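These figures come from a predicted structure and were not determined experimentally.
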Amino acid sequence: MSIRFREAPRDPVLSRPAARSPIEAAEAARRRMDDPDYRVDSDRRRGRGASANPTGRYEPTAREGFNDGWDLEEELPPLPTEVIVEKPRTIITKNDSPDIGYDRSINPYRGCEHGCSYCFARPTHAFQGLSSGLDFETKIFAKPNAADLLEKELRAPSYEPKVIALGSNTDPYQPVERRFRITRGILEVLDRANHPVGIVTKSALVTRDIDILSRMADRQLARVAISITTLDPKLARRMEPRAASPAKRLETVRKLTDAGIPVTVLVAPIIPAINDHEIEDILKAARMAGAEEAGYVLLRLPHDLKDLMRDWLVEHYPDKLNHVFSLLQEARGGKDYDAHWGVRQTGVGPYAWMIGRRFETTAERLGLNKRSWKLRTDLFTPPAKETGQLSLF
């Protein structure tokens, strides 16, 4: 297949195109998925969440394949995972969002091999000139110097300790962590400095670091949130192809709580007409596994994730495409997504209100969220600066 370039459409956020009706958007998604030059062959993307690799929204040109009559029939290899080493100058990221309970975070990796079809972080790959589709889950940026940078930043005289979040964007325990161990290095620094940390993950690999997390939890310095989107293993494999199975995540909750580590379970995201019927069952299973707190997030579709989610529905649940987006738009003020603070996590309107009441009623009945685990900041001790002076003894 030959490649040609064409002018890419302008960033929809900046150019403000005319709004499409839900039916028009659905038909556009069906046309995309019928185009063999857009949809990547299923054998090549086995174990991946996205169906295609559309051009990043900041790119001036788009690549498209076409048959020029000279192509040879050949079987292309499966898409491998490529890890790109990144060397940032700082590692702690600050935010001022009132929707989340922290103002700083660390992301050891960009991109995520879990391949979750709904991941709100997908569009961030556009900043690297890459696609939010298959690039996001096959081209992973790793930051091996994260622990060293963290020590340097914690050592700054002006540093004020507050809870650092790990996993606010991409999963700190995705598969490449087994090899790079960047997250573990960060935890070792935080443990030595008596610095509080909150972790969000859907990976069972977090149990590898129970030795560190349990020590920190004894000092009220660590807590973990496990995301459980569904209890149906078939649905999980379609939505989150390389993440831990639902049963494995519940087992992870049990192992962490048995080690004395506070665990919150996140029913996130709630996808209308796909997993919204499981709210009560997930909360019940989480409570039985030992979780004492729970939260939820309604599906968020920033930027080009809207079209990627439609592609996923066309492939796996074509009969539900219109229904899913009808309910979602009802909860988003008539749009696919509303990014305003205060509503982006939970939505508005009757459907969003019903989801909130179901969650709150079930959590109350199960005894969840009766107490909140507050992490301490008063134990913080800045890392000692290495002088390079050798000891005489």
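No donor-acceptor pair closer than 3.5 Å links the side chain of Glu278 to the backbone N or O of Thr229. Side-chain atoms of Glu315 do not come within 3.5 Å of backbone N or O of Ser51 as any donor-acceptor pair. Asn107 contributes a side-chain N or O that, together with a main-chain N or O of Asn169, makes up a donor-acceptor pair within less than 3.5 Å. No donor-acceptor distance shorter than 3.5 angstrom exists from the side chain of Thr230 to the backbone of Leu235, with no hydrogens or angles considered. Remark: side-chain polar atoms of Asn145 are not paired, donor with acceptor, to backbone N or O of Lys87 under 3.5 angstrom. Within the 3.5 Å criterion, the main-chain N or O of Phe359 finds no donor-acceptor partner in the side chain of Thr362. Looking only at distances, no side-chain donor or acceptor of Arg300 sits under 3.5 Å from a matching main-chain atom of Tyr337. Looking at Thr138, its side chain never comes within 3.5 Å of a backbone N or O of Pro80 through a donor-acceptor pair. Within the 3.5 Å criterion, the main-chain N or O of Gln128 finds no donor-acceptor partner in the side chain of Arg110. Between the side chain of Arg45 and the main chain of Val40, a donor-acceptor pair closer than 3.5 Å is present.
For Asn95, the side-chain contact (heavy atoms from CB on, under 4.5 Å) partners at least two apart in sequence or on another chain are Ser97, Ile100, Tyr102. Under the ring-ring contact (aromatic ring centres under 6.0 Å, His included) criterion, Phe180 pairs with no residue at all, not counting sequence neighbours. The ring-ring contact (aromatic ring centres under 6.0 Å, His included) test applied to His316 returns Trp312, not counting sequence neighbours. Under the rule for a side-chain contact (heavy atoms from CB on, under 4.5 Å), the partners of Arg104 that lie at least two apart in sequence or sit in another chain are Ile92, Lys94, Tyr159, Lys162, Ile164. Take Arg332 and apply the salt bridge (charged side-chain N to carboxylate O under 4.0 Å, His left out) test, not counting sequence neighbours, and it matches no residue.
Scanning all heavy atoms of the two residues, the minimum distance from Ala26 to Asn322 falls at CB-OD1, 3.1 Å. For the pair Tyr118 and Ala268, the tightest heavy-atom approach, listed with the atom from each and the gap, is OH-O, 4.4 Å. Across all their heavy atoms, Pro172 and Ile199 have their closest contact at CG-CG2, 4.3 Å. Annotation for Ala204 and Ala244: closest pair N-CB, 4.0 Å, computed over non-hydrogen atoms. The two residues His114 and Gln174 have their closest heavy-atom pair at NE2-CA, 3.8 Å. Listed here is the closest heavy atom pair of Ser132 and Arg122: O-NH1, 2.9 Å.
For the pair Arg208/Arg181, a side-chain contact is recorded, criterion being any heavy-atom separation below 4.5 Å from C-beta on. Side-chain atoms of Thr183 and Tyr109, non-hydrogen and from C-beta on, do get closer than 4.5 Å to each other. Side-chain contact between Phe136 and Thr170: present, with at least one pair of heavy atoms (C-beta onward) separated by less than 4.5 Å. With a 4.5 Å cut-off on side-chain heavy atoms, Leu187 and Leu166 count as touching.
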>> Could you go through Leu213 and Ile210, starting from their C-alpha distance and side-chain angles, then the distance that decides it, and tell me whether this counts as side chain to side chain contact (heavy atoms under 4.5 Å, CB included)?
In response: CA-CA 5 Å; Leu213 293 171; Ile210 280 180; 5.6 Å; no
> Yes or no on side chain to side chain contact (heavy atoms under 4.5 Å, CB included) for Ile271 and Met309, after CA distance, side-chain angles and deciding distance?
Replying inline: CA-CA 11 Å; Ile271 305 175; Met309 196 65 196; 3.9 Å; yes
>> Assess the residue pair Arg30 and Glu27 against the criterion (salt bridge (Lys or Arg N to Asp or Glu O under 4.0 Å)); give the C-alpha distance rounded to whole Å, side-chain angles, the decisive distance to 0.1 Å, and a yes or no.
In response: CA-CA 5 Å; Arg30 293 188 178 97; Glu27 287 305 314; 3.0 Å; yes
> Does the pair Ser203 and Asp171 meet the rule for a side chain to side chain donor-acceptor pair (under 3.5 Å), with working shown?
Replying inline: CA-CA 8 Å; Ser203 173; Asp171 203 311; 5.4 Å; no
> Hey, mind stepping through Lys370 and Glu364 against salt bridge (Lys or Arg N to Asp or Glu O under 4.0 Å) and telling me if it holds?
Replying inline: CA-CA 8 Å; Lys370 292 298 184 182; Glu364 175 71 21; 3.0 Å; yes
>> Run Thr252 and Val263 through side chain to side chain contact (heavy atoms under 4.5 Å, CB included) and show every step you take.
In response: CA-CA 10 Å; Thr252 299; Val263 175; over 6 Å; no
> Going through the distances and angles, do Leu149 and Lys143 end up as a side chain to side chain contact (heavy atoms under 4.5 Å, CB included)?
Replying inline: CA-CA 10 Å; Leu149 290 174; Lys143 307 171 185 177; over 6 Å; no
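Atoms CG and CD1, from Leu150 and Ile182 in turn, are 12.5 Å apart once rounded to the nearest 0.5 Å. The CD1 atom of Ile186 sits 5.0 Å away from the CD1 atom of Ile106 when rounded to the nearest 0.5 Å. The CZ atom of Arg358 sits 4.0 Å away from the CD1 atom of Ile279 when rounded to the nearest 0.5 Å. To the nearest 0.5 angstrom, Leu221 atom CG is 8.0 Å from Asp191 atom CG. With rounding to the nearest 0.5 angstrom, the CG atom of Leu190 is 9.5 Å from the CD1 atom of Ile212. To the nearest 0.5 Å, the span separating CD1 on Ile270 from CD1 on Ile274 amounts to 13.0 Å.
Each of Arg215, Lys255, Arg184 was evaluated against Asp209; a single residue qualifies, Arg184, per the salt bridge (Lys or Arg N to Asp or Glu O under 4.0 Å) test. Only one option out of Pro123, Ser117, Cys116 pairs with Cys119 in a side chain to side chain contact (heavy atoms under 4.5 Å, CB included); it is Cys116.
For Arg242 and Glu137, the salt-bridge test fails: no basic side-chain N is under 4.0 Å from an acidic carboxylate O. Ion pairing between Lys248 and Glu240 fails under the 4.0 Å rule for side-chain N and carboxylate O. Of the charged side-chain nitrogens involved, at least one lies within less than 4.0 Å of a carboxylate oxygen, so that Glu151 and Arg192 count as a salt-bridged pair. The pair Arg357-Glu360 counts as a salt bridge, with a side-chain nitrogen and a carboxylate oxygen less than 4.0 angstrom apart.
A cation-pi geometry, defined here as NZ or CZ lying under 6.0 Å from the six-membered ring centre and within 45° of its normal, holds between Arg238 and Tyr317.
Relative ring orientation between His125 and Phe141 is described as perpendicular, the plane-to-plane angle rising above 60° on a 0-90° scale split at 30° and 60°.
Counting heavy atoms of neighbouring residues, nucleotides and ligands inside a 6.0 Å radius, atom CE of Met288 does not exceed 12 of them. Heavy atoms from other residues, nucleotides or ligands lying under 6.0 Å from CH2 of Trp341 number more than 12. Within 6.0 Å of CZ on Arg219 lie more than 12 heavy atoms contributed by other residues, nucleotides or ligands.
Defined by atom type and a distance below 3.5 Å, a donor-acceptor pair is missing between the side-chain atoms of Thr207 and Arg254.
A salt bridge (charged side-chain N to carboxylate O under 4.0 Å, His left out) check over residues 282-299, counting only residues at least two apart or in different chains, returns the pairs Arg223-Glu293, Glu292-Arg371.
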